[in-house]
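Presented below is the structure to which this report refers.
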There are 2 protein chains.
Amino acid sequence: MSDIISGATRNTRQRFEVLALLDEIADFRTPQQLHALLRERGAQVGLTTVYRTLQLLQDAGEVDATRLPGGEQLFRRCGASHHHHLVCRSCNATVEVRGPAVERWTERIAAEHGFTEIGHTLEIFGTCSRCSR
Amino acid sequence: MSDIISGATRNTRQRFEVLALLDEIADFRTPQQLHALLRERGAQVGLTTVYRTLQLLQDAGEVDATRLPGGEQLFRRCGASHHHHLVCRSCNATVEVRGPAVERWTERIAAEHGFTEIGHTLEIFGTCSRCSR
DNA sequence: ATTCGTAATGAAATTCGTTTCCAAGAAGAC
DNA sequence: GTCTTCTTGGAAACGAATTTCATTACGAAT
């Protein structure tokens with residue numbers, strides 16, 4: 001059980017490459033961007049494998065996923081505890097934010113309406129100070 | 001200025017059909033579902049036009065848009081004031097919820113990090129009481 | 001009511017992100 | 001090394017959404 005990704009049974013070079021890249025990057029990236037970055041650095045990994053690895057990592061809770069307003073997926077390696085993101089519209093710079101009050105609010109609102117198995121998505125978009133110059 | 005949609009200059013049969021349908025439906029629907037419903041009732045409206053009309057309505061603030069976890073668009077006719085949605089995962093039943101405290105929280109958090117032109121998305125997903133039986 | 005300019009339509013083609021297919025490749029157990 | 005089978009990756013498929021462009025028809029002018 002020395003698997004680098006729980007749920008996967010084999011440790012392949014490609015999975016190491018994807019994980020290594022994610023470890024170096026702070027902000028969110030699309031699967032395509034990650035794939036392009038891997039090619040740039042000479043890592044031979046297929047786009048399909050990038051998608052599959054990200055899916056595995058997401059299932060294992062190793063990466064954090066969100067979506068651009070357009071619907072495109074974004075991934076980022078991150079800590080385990082629940083949080084939300086403040087994302088720059090133009091450069092994708094990301095700040096993790098925690099909002100316990102919001103979590104409690106969603107739980108309460110949903111319960112008031114008889115909903116169960118509650119989940120939520122909350123993303124804040126804006127222009128970061130660097131980009132707004 | 002007797003336009004049914006501000007921003008559009010002509011009132012076409014197709015736009016009336018889409019609006020009429022939206023007025024009858026309470027919950028969110030995808031553009032494709034709306035198109036199918038129109039065809040079922042014999043209304044001859046192209047899928048392209050459904051997409052375009054929904055876009056116009058969204059720009060005019062006449063409909064409310066969100067996305068399924070998978071990224072697909074959802075539209076619904078709704079009131080003008082800003083609010084969020086509590087959506088049932090299985091039947092798309094929707095409850096509008098307002099959370100002024102959350103709005104203020106996002107503004108504050110974003111400002112603290114130097115972000116401007118702030119927007120946010122917040123959707124709560126769950127299983128409604130009817131579906132959880 | 002007829003004409004006319006142009007906005008709007010819609011079927012087909014295109015785009016683009018993502019998933020599936022499947023033959024070839026390579027972990028890892030023995 | 002051998003074998004099993006999980007994994008890979010290019011190609012093809014897929015599906016939502018958008019664009020194209022010839023046709024249609026709204027609605028203002030006459």
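Predicted model, so just to flag it, every value in this text is computed and none were measured. Per chain, numbering begins at 1; letters A, B, ... match sequence-line order.
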So B:Q44, base contact, sugar-phosphate only, or nothing? Heavy-atom distance under 4.0 Å.
sugar-phosphate
Are B:H85 and A:H120 close enough that their ring centres sit under 6.0 Å apart?
no
Gap between atoms CZ and C1', on B:R10 and D:dA28 respectively (whole Å):
10 Å
B:Q73 has a side chain; which of C:dG10, D:dA17, D:dG27 sits nearest to it?
D:dA17
Nearest whole Å is fine: how far is D:dA16 C1' from B:Q33 CD?
13 Å
Separation of D:dT18 C1' from B:L47 CG (nearest whole Å)
11 Å
To the nearest angstrom, how far is A:R13 atom CZ from C:dA26 atom C1'?
11 Å
Walking DNA chain D from its 5' end, the first of A:R15 and B:Q55 to be reached, judged by nearest nucleotide, is A:R15
Which nucleotide, C:dT6, D:dA16, C:dT18, lies nearest any side-chain atom of A:E72?
C:dT18
Can you check the A:H35 NE2 to D:dG10 P distance for me, whole Å?
7 Å
Using a heavy-atom cut-off of 4.0 Å across all strands, would you classify B:T12 as base, sugar-phosphate, or nothing?
sugar-phosphate
Considering only D:dT18, D:dG27, C:dT18, which nucleotide approaches the side chain of B:Y51 most closely?
D:dT18
Within the 4.0 Å heavy-atom criterion, would you say B:R52 contacts the bases, only the backbone, or no part of the nucleic acid?
base
Upstream residue (5' side of DNA chain D) when A:T49 and B:G71 are each assigned their closest nucleotide:
A:T49
Is the closest basic N to carboxylate O distance between A:R98 and A:E96 below 4.0 Å?
yes
Expressed in angstrom and rounded to an integer, what is the separation of A:L68 atom CG from C:dG17 atom C1'?
12 Å
For a quick check of understanding: with a heavy-atom distance under 4.0 Å over all strands, which category does B:T48 fall into, base, sugar-phosphate or nothing?
base
Side chain of A:V45: nearest nucleotide among C:dG10, D:dC6, D:dG9?
D:dG9
